[in-house]
Every structure is written in structure tokens, then in C-alpha cells.
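Reading through the C-alpha cells given below for one structure.
Quick note on labels: first sequence line is chain A, next is B, and so on, each numbered from 1.
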Number of protein chains: 2
Amino acid sequence: MLDSMAGIEGAILHRTTTAQQLADLLSERILAGAFTPGDRLRESAIATELGVARNTVREAVRVLELGGLVRYEVNRGAVVISPTTESLDAVYTARERLETAAAARPATAEQIARLETAYTNLATATRSHDTRHVVEVDLAFHATIVSFLESARLDLFYAELTRELRYYLMVLSVEDRELDKPRALLREHKAILDAVRTGPPETAVVAVRAHIHDNAKRVTEILIARTQTQPGPLAARP
Amino acid sequence: MLDSMAGIEGAILHRTTTAQQLADLLSERILAGAFTPGDRLRESAIATELGVARNTVREAVRVLELGGLVRYEVNRGAVVISPTTESLDAVYTARERLETAAAARPATAEQIARLETAYTNLATATRSHDTRHVVEVDLAFHATIVSFLESARLDLFYAELTRELRYYLMVLSVEDRELDKPRALLREHKAILDAVRTGPPETAVVAVRAHIHDNAKRVTEILIARTQTQPGPLAARP
DNA sequence: AGCACTTGAACTGTAGTACAGTTGAACGAA
DNA sequence: TTCGTTCAACTGTACTACAGTTCAAGTGCT
């Protein structure tokens, strides 16, 4: 069963179980927008659709929970997370703390080189006009900054934050508006890169903080505007 | 089923399911040393012992995985984590990054007050000669430092690190050796407290970093000594 | 004795069925 | 409209079953 997704199996580290494949598939679907925030993942429906047992779906969903895209509610099962001002603030705050901490460390030549590459990718991406891709590369740039902390555990944690944020951005269609000003986007990232490259760490910290605060503010405003016009699918349950 | 553990249900936020209770119970047992590193959590054994279904045990173990005390291996199930030089290094590195980042921020009066309370608790605990408790309060002191970052997400992540570390310390019987020098323990923490209280952030960062590096070195040495004398239960599988 | 090979018991991963309890929405009464 | 009531859908849990995997004990060969 589920052999159709044989291509997915990424790292060969773990022989991949059905539940794991299922979790990956569902993760992709959520990130692709197949579910909207607040949606419940109905176990029987998924089970019959994909030809697996409900147990297996439950396990897959538990694995999904690790990724942060769904949370469990008793007697309601797995529910897709919803962007709220609180959840956005939580993610952006954690990002700010991690990225400024990373920017505060003097960067090695190798780290700077990696950041330059990330910036080049971003510049290339903005020319492609593929907004989804731009977001991807943008987040990769910031992950590179966090990697300066040289802590695999923190990198992993940051990746979790990023998955969550990426979903919020997708749901809020933030990408569409991002396209208007690729120049501003590049300018801000260039400022960070330059500060890391030449300036004292202080400067880099300021640049990173400003960029993240800007983003947080803009995305939060989009969310607020969205919830006022169509209070339907985005509302989180009490 | 499992009504015997009715007292456990902590927060009333989530009505607690059997699987959740089970996860809590198993977590306690692991932290209490009922399993040694590398042990497998045998599903049928646990199921029959506690009078629950194997599905439920599996779910509970998936929840346990969230806490970081076990990891899954295909066709071997849940395995209790083992302290290795790598895992210790990973935990201590993440701790160092987070705590120094926190110490680098100017602390508010309220934050300083909380840290003073944590220190007082530690001083009291050292007099009790209850080594397990001393470790607990020690870790709480450091969690207080991290809380200066004012990020709930990071606090949660740090709690995860702490659970893992606490288990390692228990397994390595680090507490027993800690007892010898309560004076040194208090002195180091006092230095941190004073630095946070009066000194410039720089000083606090240095104090925190030194303390964590000391700890990491000592614990790692204990691990190495342990694995050489009794290469049995502590060895992680390839 | 040492080494490769086989074998079998124990266990995991998955499927499938069943049922009590909960939720949520539709329905109907006030 | 608002408040109950009802009911279908769904979750949480239990139980059974079985193929595939692991691991250690045993077996045979050198």
C-alpha cells in the first residue's frame, strides 16, 4: 500500500514505514494548502482514501504533531494550526531571539561565504517571479544566520519554527504581496549580509532585528485585515 | 482503566486521555530509572501490565517521543535515549547558546528578583542533602535565566533540553558527586546572580558560559570514565 | 575453539473490527 | 431568536490477526 509515493523517501537513514510516508504526505498536503487552518484531519476518511488502516493514520498524525503543523484536541483529533496574532508573535519572537543571538557572534569566513550564497540565491529567486520559491529562499537565508550558532539542536528547532511560519505565510497569501517590492526585500537582506560581512556584530544585530520586526508587523497586519473581512476559516477555536 | 493514576492529571486544560496518562507514567518511570539507556519499551509487556491495549501504548510512546526521552527505531520500537559524548555536547551547546543570549540582555528588576528566588531555593536545597532535588533546583535556576529571553517557545524548547539532560545526569549518577562540593556549586551560581544583578551584561555572559563549560566538561568526563569501566548499558547502538 | 549458517521465539508494523463516549449541526419548541 | 433535543459522524480505546524483522541460541563446519 502507498507504493505510489515511493519517490518521496528522502534520506535512506531510516527505512521508511507506512506511517512515516503517510506523515510526509500529509505534511506536504497541508503545506500545499489542501487543508485550511482549523480543519480536522478525519482519520477514517484519510484511511479509506489512501488504503491504510486507521491505526496507521493515527500514528502518522502523531508524527505530524512533531512537525508542529497540527495539534491534538481531545475528542476532536488532529487540527491544523491557525495563524493568530499570538501564534505569529510567538514564532517571530523566537526567531528574533535566535537570529539576533546568531548575528551577535563574530562570523567566520566560511559562514560569511554561506550567507553570500544564500543572498545570491535570493537575488536569483526574485527575478524568477515564483513567489512561493522566494519565500523558501528567504527563509533559507535566515536559517543560515541561525546556523552561525553552530548548534544542531537549535537548527532543528528553528526548522520547526520555519515550517510553521511558512504555512502561515502561505495561508495568508503573503507571497503575493511580497512580489510588489523585491527591491525592498533584497535591500534589507543585503543590509544584513553587509553588516555581518564588514560591520561590528552590533550592526548585524540591529539589521536583523529591524528586518524581523518589519516582517512581523506586516504579516500581523495582513492577518488582522484578513480576519476582519472573512472571519471564517482563519479563526482559531477557544 | 488506569484509574489508579488519577492523581497525576496536572493541568485541567486538556481532559486527559488514557494515552496521555500512560505517556506521563512512562515518562516518570524513565526519569526514575526504571529503564536504562538503550532499553526497548516493549509494547505488549507494558500493555498487559497496565491493562491497556497495545495501540494505546504505541500512541503513548509517540507522545513520549515529543518529550525527547525515547526515539524510534524501525522494527525495534521505542528505545530509551543513551548519553554519549555527542548527545551531551549537543545539549550543552544548545544550553550555552540560549543562556548566554539570555544573559546578554539587560535584566529587569522583576527578572532579577526571580533569579534571586531561584538562588535562594538552590541554597536551601544544598542544605537538604537531597541530591536529586539539588539537580532539580539547579536546572530551575538556569531555566529562569532562559526565561529572560521572554519567548514562550524557547522556554518550551529549553524544558525539552532539560528533561533530556536530567535523565543523563540521573543515569550517570552525577548527583552523587555533586554533593561533595555544594560550596563550589553555590559560588558559581552566586557569581552568575551577581553578574546579572550588578555587572554589565558582558560579565553575566562570561559567568554563565564558564559555568556551563565546566559542567559539560565534568559530566562528559564522568561519562567517559563510566563507559570504560562498564561498557554495558550505556553504549548507544550504531 | 572459532566462524558461518540456520532456526525459532519474541516483537514490531499494519490491517481490520467493534463499541462506548463526545461533538456538532440540524431540528424543533418556546 | 434562543434554547434544548436528537442524531449522525467521529474519536478514543480495546481486541484479534498476521507478515516481516530482529536477535540470540543452537548447529554444523573447519
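A:Glu150 places a side-chain heavy atom less than 4.5 Å from the side chain of A:Gln111. Side-chain contact between A:Ser151 and B:Glu96: absent, with no pair of heavy atoms (C-beta onward) separated by less than 4.5 Å. Side-chain contact between A:Tyr167 and A:Val80: present, with at least one pair of heavy atoms (C-beta onward) separated by less than 4.5 Å.
DNA chain C is contacted by both B:Gly77 and A:Val57; B:Gly77 maps to the nucleotide lying nearer its 5′ end (nearest heavy atom per residue). Positionally, the nearest nucleotide of DNA chain D for A:Ala78 lies more toward the 5' end than for the other of A:Ala78 and A:Asn55.
Checked by distance alone, B:Asn75 brings no side-chain donor or acceptor within 3.5 Å of a matching partner on the base of D:dG20. A:Arg54 contributes no side-chain N or O that forms a donor-acceptor pair with the base of C:dT17 under 3.5 Å.
In this structure, A:Leu41 atom CG and C:dT23 atom C1' are separated by 17 Å, rounded to whole Å. Protein atom CZ of A:Arg62 is 11 Å distant from nucleotide atom C1' of D:dT11, rounded to whole Å. Between B:Glu73 atom CD and C:dC11 atom P the separation is 16 Å, expressed in whole Å. Counting to the nearest Å, the P atom of D:dC10 and the CD atom of A:Glu49 are 14 Å from each other. Atom CD of B:Gln20 is separated from atom C1' of D:dT13 by 15 Å (rounded to the nearest Å). Rounded to whole Å, the distance from OH on A:Tyr72 to P on D:dC10 is 15 Å. Atom CD of A:Glu59 is separated from atom P of C:dA15 by 10 Å (rounded to the nearest Å). Per the geometry, CG belonging to A:Asp39 stands 16 Å off C1' belonging to D:dA9, to the nearest Å.
Ion pairing of B:Glu110 with B:Arg114 is present here, as a side-chain N (NZ or NE/NH1/NH2) and a carboxylate O approach within less than 4.0 Å.
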Do A:Glu49 and A:Val57 pass the side chain to side chain contact (heavy atoms under 4.5 Å, CB included) test, and can you show the C-alpha distance, the side-chain angles, and the key distance before you say yes or no? CA-CA 11 Å; A:Glu49 181 199 348; A:Val57 176; over 6 Å; no
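The side chain of A:Glu43 has D:dT11 as its nearest neighbour among C:dT12, D:dA14, D:dT11. Across D:dT13, C:dA15, D:dT11, the shortest atom-to-atom separation from the side chain of A:Arg42 is found for D:dT11. Checked against C:dA15, D:dT13, C:dT14, the side chain of B:Thr56 finds its nearest nucleotide in D:dT13. Checking C:dA15, C:dG24, C:dC11 against the side-chain heavy atoms of A:Arg76 singles out C:dG24 as nearest.
For the OP1/OP2 pair of D:dC10 and a distance below 4.0 Å, the side-chain nitrogens and oxygens of A:Ser44 include no atom meeting the criterion.
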